[in-house]
Amino acid sequence: MRAKWAAWVGLALVAACGPERAPTVPVAVRATAKAPVKVARCVMKFPDKRAARAARQRLEHDLSRYLRTRPGRIVYGAHDLVSGVTLGQGEHRHDLITASGAKVDILAALLQRRHASGLTEGDRDLAERMITESDNKAADALWSRVGGGGVMSTFYRRMGMRETTPGPGIYWGGTTTSPADRIRLLDVLVGGGKGLRASDRRLLLGLMSRVHKMQAWGVSAAARPGDRVALKNGWTPRPFIHNTWAVTSYGRIQGPGRDLLLSVQTDQQPGHGAGVQTIERVARTIGARLDSLSPTYTRPCPTNPIP
C-alpha cells in the first residue's frame, strides 16, 4: 500500500512540474472567456473638510438671513450622532421658556427617582397623557409627585443641564432652557447614562414618537420619507409680554445615515402659527442640507504588485 501511495505522489509531481503541463486558468476566467471580465474598482473615501466648511458657511448664512426676516427671538441647535455635525445660532441662550417641552423633563426626573420601584399604573397613565396629548393636568400631578422645582433643579444638575431652570412654584411651564440643553437631554435619552435605565429611555422616546398628529408639527419637518421622529413641542400665549406667544420644538429624527437631535425655540411671536412656521422652515432647511455638511472624496486603493 505504501509503495502504491508513493507511486501516485510521483505521478502527481511529474504532472505538476513537467515541461508539458497545461497552464492553470482561474475558474472565473474560463467561465466567461467569451466576454470581458468586469473587475470591481477599489476606492477609498475620505472626509472633504474644505467642502464641509463651505457647505456649513452657506447653510448658516441662509438660516441667518431667513431668521432676520422673522419676528421675535429665535434660537436653534442641532447635533447629528452619525456624522458628528453640530450647528447652532444662540444655542446657549437660556432665557426662553420651554412651556410644554418641560413635560419630558418631568417624566425623566420621575423615572430617575423611581429607579428601583418603577412607575405605578397611575403614573404610567398620567405620563402617557402628559406626553402624547400634552395634558396639563397630568403634568400638574406628576410635577407634584416628582417634588416640584427643588427636585427638578437637582435633576438638571445631575443631567449636566446647566442652562435650564425650573419654573417657579407650581408653574412647570415657566421652565427656561436652551437648545443646547434640549440636545443634552435628548443625547441621554438616546445614549443612556445619568441614572436612566434602557427601559426608561425606551418608554420616554416611545411616548414622544406617539405624539398626537395635531401636535406633531415642528422639528418633524426635518424628516425625510421613512424617517422616525420622536419630539415634544411647547406653546403658550404670553399676555403680559406684549400679548405674544412662546413656541418651541425639539426631538430626534432618525433614519438611514442620520440620527439628528434638533431643538428650535422662539418667543415674542405674534401668534402660534408664526412660531410654527419659523420652526418648520429652520428644521426643513437643516434636514434637507444635512448630508452636504459631511461630504467625502474618493481615491483609488493603494496597489501592492507581486514581484
Side-chain angles (χ1 to χ4, degrees), residues 54-80 85-104 134 163-165 167 173-186 211 213-224 227 229-253 258 260-293:
R56 171 189 287 273
Q57 288 172 357
R58 287 192 298 270
L59 175 56
E60 290 177 340
H61 174 267
D62 291 346
L63 286 170
S64 294
R65 185 173 58 181
Y66 170 70
L67 294 182
R68 285 195 296 270
T69 70
R70 302 301 294 167
R73 299 189 299 172
I74 305 144
V75 292
Y76 70 87
H79 176 49
D80 180 47
V85 165
T86 60
L87 287 169
Q89 179 172 314
E91 64 270 32
H92 294 289
R93 186 161 192 165
H94 54 276
D95 60 342
L96 283 74
I97 66 169
T98 186
S100 288
K103 290 170 179 173
V104 171
S134 208
E163 298 169 355
T164 303
T165 304
T175 297
T176 55
T177 191
S178 69
D181 264 6
R182 293 297 98 191
I183 290 173
R184 288 188 184 97
L185 175 60
L186 289 167
V211 166
K213 187 176 181 180
M214 292 294 291
Q215 299 178 13
W217 46 265
V219 296
S220 55
R224 305 162 300 182
D227 282 353
V229 178
L231 56 70
K232 187 70 190 82
N233 298 329
W235 62 99
T236 185
R238 309 198 74 188
F240 301 111
I241 305 188
H242 311 297
N243 229 16
T244 58
W245 282 68
V247 187
T248 69
S249 180
Y250 67 98
R252 179 192 192 191
I253 301 95
R258 74 174 52 171
L260 176 63
L261 312 181
L262 178 60
S263 175
V264 189
Q265 293 178 237
T266 77
D267 72 359
Q268 299 178 20
Q269 297 298 302
H272 174 267
V276 172
Q277 184 181 41
T278 297
I279 290 169
E280 292 192 339
R281 173 68 176 269
V282 171
R284 189 176 297 110
T285 301
I286 292 174
R289 294 167 63 175
L290 183 65
D291 290 345
S292 71
L293 303 182

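Predicted model only: the values in this text are computed from it and were never measured.
Counting heavy atoms from C-beta on, the side chains of Gln268 and Pro71 never come closer than 4.5 Å. Looking at Tyr76 and Leu63, their side chains come closer than 4.5 Å, going by heavy atoms from C-beta outward. Two residues are said to be in side-chain contact when any heavy atoms from C-beta on lie closer than 4.5 Å; Leu96 and Val75 meet this criterion. With a 4.5 Å cut-off on side-chain heavy atoms, Thr86 and Asp80 do not count as touching. Residues Arg252 and Leu262 fail the side-chain proximity criterion, which asks for heavy atoms closer than 4.5 Å. Side-chain contact check for Val85 versus His79: every heavy-atom pair is 4.5 Å or farther apart. At a threshold of 4.5 Å between non-hydrogen side-chain atoms, the residues Thr177 and Arg182 count as touching. For the pair Tyr250 and Val264, the minimum side-chain heavy-atom distance is 4.5 Å or more.
For residues 61-78, every residue pair satisfying the salt bridge (charged side-chain N to carboxylate O under 4.0 Å, His left out) rule, not counting sequence neighbours, is listed here: Asp62-Arg65, Asp62-Arg289, Arg73-Asp95, Arg73-Asp267.
Looking at every heavy atom in both residues, Gln277 comes nearest to Tyr66 through O-OH, 3.9 Å. When all heavy atoms are compared, the tightest approach of Asn233 to Trp217 is ND2-O, 2.8 Å. Ala55 approaches Ser292 most closely through the heavy-atom pair CB-O, 3.3 Å. The shortest non-hydrogen separation linking Ser249 to Val219 is OG-N, 3.0 Å.
Considering CD1 of Ile74 and CD of Gln89, their distance stands at 8.5 Å, rounded to 0.5 Å. One finds the CG atom of Asn243 at 12.0 Å from the CZ atom of Arg238 (value rounded to the nearest 0.5 Å). The distance from the CG atom of Leu293 to the CG atom of Leu87 is 5.5 Å, given to the nearest 0.5 Å. Atom NE2 of His242 sits about 13.5 Å away from atom CD of Gln269, to the nearest 0.5 Å. Rounded to the nearest 0.5 Å, atoms CD (Glu163) and CG (Asp181) are 5.0 Å apart. One distance of note links OG1 of Thr285 with CD of Glu280; it measures 11.5 Å at 0.5 Å rounding.
Judged purely by distance below 3.5 Å, without hydrogens or angles, the side chains of Thr248 and Lys232 never pair a donor atom with an acceptor atom. A donor-acceptor pair shorter than 3.5 Å cannot be found between the side chains of Ser178 and Glu91.
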Next item on the list: Assess whether side chain to side chain contact (heavy atoms under 4.5 Å, CB included) is satisfied between Thr164 and Thr175, documenting all intermediate values.
Entry: CA-CA 7 Å; Thr164 303; Thr175 297; 3.7 Å; yes

